[in-house]
Amino acid sequence: MIENLVIVESPAKAKTIEKFLGKDFRVISSFGHIRDLTKKKNLGIDVENDFAPDYEVPKEKTKVVSELRKAALEAKNIWIASDEDREGEAIAWHLAVVLKLDLSTTKRIVFHEITKDAISGAIDNPRSIDMNLVNSQQARRILDRLVGFEISPVLWKKVQPSLSAGRVQSVAVRLLVEREREIFAFKPESSFRVTSLFRTDDKIKENGIIRAEASKRFPDEKEAQKFLELCSTSGYEVAGVTVKPGTRSPAPPFTTSTLQQEAYRKLGFSVAQTMAVAQKLYESGKITYMRTDSTNLSKLALVKSREVIISEYGEKYSKTRQFKTRTKGAQEAHEAIRPAYPDNQSVSGNQNEKKLYDLIWKRTIASQMADAVMEKTTISIDMNNSSVKFNATGEVIKFDGFLKVYTESSDQENNDEERYVIPPVKKGMPLYYNVVTASQKFTSPLPRYTEASLVKKLEELGIGRPSTYAPTISTIQNRGYVSREDRPGEKRQIRILALDGGKVTTTSRTEITGREKAKLFPQDIGMIVNDFLVENFSEIVDYNFTAEVEEQFDEIALGNIKWTGMLKKFYVPFHKTVENTLEKKERKTGIRVLGKHPETGESVTVRMGRFGPVAQIGNSENDNKPRFASLSKNQLLETITLDEALNLFRLPRTLGFHEGEEIIVGIGRFGPYIRYKGKFVSLKKGVDDPYTVTIERALEVIHEKAEDEKKKVIRDFGDIMVLNGRYGPYISKEKQNYRLPKGTEAEKLTADECTRIIEKSNKTKKSS
DNA sequence: CAGTGAGCGAGCTTCCGCTTGACTT
């Protein structure tokens, strides 16, 4: 018999709380939700009967639930301590129902921080389960099920099987598709930006250098040239100097979203990777909970951080701050993400754990440090033969404050404006130019989203929760809607005019534009699904949809409106739209007519086919059979041209014959290849082009592959072989591969030894 | 693993939010 049983959501939390509570308390965890809507019939919802939900304990939860039941039977008092938010309240209610506790007397408690005082305070002040809050969760859950499970089947019928739609994922895809189209439509414009290096000294070129920019940009090279000629004969004078003090404040401590952004920008982590590493740190007690939307720090954390700052950097670097959470729809059930023990400046663990901890430590400590104080100097410089002015700005840090520890990164890539100090000048002082440069600058479109910047955008729109950001990003990639890719970019010539010693010289420079790294690119199927949803379910993919239903969930939580009524208002028209769409709308294939074949006059089209995007010449209405070719990677239905489509039909082609066998070159799933005697050889990336490769080169590649094959076999015992693979030697038998025990000499293996290794490996597999 | 694009039909896919392992190489 246990005196007191406390149920929390997370096992790591259970462990720490048990320590504080002592012997009379046992603390166990529910591992999150324990029940969900069934998938078996009617979506788990009886829409005819006031949306009565049909809940079940999912298979993977039965073990946890039976353990909870057992513990509940043995306990005298039960305290449900799930998180203090909508989902947490629902978990408490499901627990009470499943464990057959009396709803009116079940003790519901919440902790705001994990300290002895906070926990015993909570135990002393139990409340009952808030059914209004529970009902707002039921409305949220049921609405999401209705949206997801009624629209997805429409996509299976009208677009392609296995697709999905949902309140969160479909908006994420829409953001990406719309940004991509803005980028397609973007026409870069160029202008000339004029910068000048002035000096304060008449004679010595190196003295008192001031970097300044002209107040005007020039539309073309001619205008820039004209201006530089003016510059060459102009006199210059300091027209004004202003010195303004300024301060900068530290960023608030990490939430899930800001942690994902900074770990991407500073460490190059994907959002899934960030969460996995943070989970490890959390489980080993090094950081607080990593799925949170709160920037709040506990009193204990504030006090500890202050101590660390004073002892490391001194009293004047400390400034205790509490940050308000501004995020839309934040529920603040947890603290911000922070070191569990701020006095641990570093932790043990693997490299990634150390790096992420370091980032969290710095961000937390910096948030409790003093503002940085700077002095910003602006100088304006007059010309005596033009109304154009030059302006220079410089910044001096008077007190570094939090910058000593941490600076937040930004998504903008051009960080070329480093801080620089302007030499002392006075109004009326003459200046002399060293060199004046006019360089061509192109405008660029809004950047493509990264995983992290998409999370940021979703959070701003109040769409998704800390526990779902990473899974949502995975889902839209798994469905094929978007793909995370690099692009090499393209070369572009820019013109540079330089005035030096009274002469203007013009040069060209090559710059790379459109280079992308780990960006999210919408794919054809993502664009087709998005357009279908925007056409037919505009309400659901509206950027404000979530915010609007959230307002109603809040009203339900306050007891102002009934959850079933809210659902009915939404569902009746929504369901009608679903039926209408099923009945009346055509299949959507994203078809585009590109034009006519220049020789045969047949129509050339592209569309989404059964196996992906396809180009087609002719159609089955004519007697001629239509011809098909798959689009290659990086080509989109939306942007492919007639010429590009026709080009696809040039492959596969026959290069010629060797020893009576045909040599064919083509592009397959894994890139360009050569087929000879029934075997495939990949062409080297970036070296060979399948459209121009010669038969001589093809034979060379085939020969190289044959040589490699020979080296691959170390020992050959018939059905058992010892082979050389990517990760070193291994044993292969009946298409199964086996690792060699450490220290084995592959060349000396006998057939018997191989059999033994295989048997041993099979045994350990079965026993586990 | 380098192909496929006729049509039919059975049986499957799918949501968002809360939590972690259970698997494999």
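It should be emphasised that the depicted structure is a prediction, and the values quoted were computed from it without experimental measurement. Chain naming here is simple, since letters A, B, ... match the order of the sequence lines and numbering starts at 1 in each.
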Of the candidate nucleotides [options], which contains the atom at the shortest distance from the side chain of [X]?
X: A:F149; options: B:dA2, B:dA6, B:dT14; answer: B:dT14
X: A:S682; options: B:dG3, B:dA2, B:dC18; answer: B:dA2
X: A:V614; options: B:dT19, B:dT14, B:dG5; answer: B:dG5
X: A:Y673; options: B:dT13, B:dG3, B:dC16; answer: B:dG3
X: A:W156; options: B:dG5, B:dG17, B:dT13; answer: B:dT13

Does [X] put a side-chain nitrogen or oxygen below 4.0 Å from OP1 or OP2 of [N]?
X: A:T468; N: B:dC16; answer: no
X: A:R479; N: B:dT14; answer: yes
X: A:R675; N: B:dG3; answer: yes
X: A:R291; N: B:dT20; answer: yes
X: A:R35; N: B:dC18; answer: no
X: A:Y289; N: B:dT19; answer: yes
X: A:R465; N: B:dC16; answer: no
X: A:Q169; N: B:dC16; answer: yes
X: A:S152; N: B:dC15; answer: no
X: A:S467; N: B:dC18; answer: yes
X: A:S30; N: B:dC18; answer: no

Over how many whole Å does the gap from [X] atom [atom1] to [N] atom [atom2] extend?
X: A:M275; N: B:dT19; atom1: CE; atom2: P; value: 9 Å
X: A:Y282; N: B:dG21; atom1: OH; atom2: C1'; value: 15 Å
X: A:K63; N: B:dT19; atom1: NZ; atom2: C1'; value: 15 Å
X: A:L533; N: B:dT14; atom1: CG; atom2: C1'; value: 13 Å
X: A:E283; N: B:dT19; atom1: CD; atom2: P; value: 12 Å
X: A:D54; N: B:dC15; atom1: CG; atom2: P; value: 20 Å
X: A:I591; N: B:dG5; atom1: CD1; atom2: P; value: 17 Å
X: A:E60; N: B:dC18; atom1: CD; atom2: C1'; value: 12 Å

If you go through the side-chain atoms of [X], does one of them form a donor-acceptor pair with the base of [N] closer than 3.5 Å?
X: A:R145; N: B:dC16; answer: no
X: A:S162; N: B:dT13; answer: yes
X: A:S630; N: B:dG3; answer: no

[X] near the nucleic acid: base, sugar-phosphate alone, or nothing, with a heavy-atom cut-off under 4.0 Å?
X: A:P153; answer: base
X: A:A165; answer: sugar-phosphate
X: A:G666; answer: nothing
X: A:R140; answer: base
X: A:I151; answer: nothing
X: A:V168; answer: sugar-phosphate
X: A:G464; answer: sugar-phosphate
X: A:G32; answer: base
X: A:G612; answer: base

Do we see a donor-acceptor contact under 3.5 Å between the side chains of [X] and [Y]?
X: A:Q552; Y: A:E548; answer: no
X: A:S257; Y: A:E459; answer: yes
X: A:Q616; Y: A:R607; answer: yes
X: A:E644; Y: A:N647; answer: no
X: A:E662; Y: A:T654; answer: yes
X: A:S164; Y: A:Q169; answer: yes

### Query
When the ring planes of A:Y289 and A:H334 are compared, do they come out parallel, tilted or perpendicular, using 30° and 60° as the limits?
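Correct class here is tilted.
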### Axial cation check for A:Y481 ring with A:R479, 6.0 Å and 45° limits
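No cation-pi geometry.
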### Message
Which is more 5' along DNA chain B, the nucleotide nearest A:V681 or the one nearest A:V147? Just name the residue.
### Response
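Counting from the 5' end, the first nearest nucleotide belongs to A:V681.
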### Task
Identify whether a stacking contact exists between A:F31 and B:dC18, where the ring centres must be under 5.5 Å apart and the planes under 30° apart.
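Stack criterion not met.
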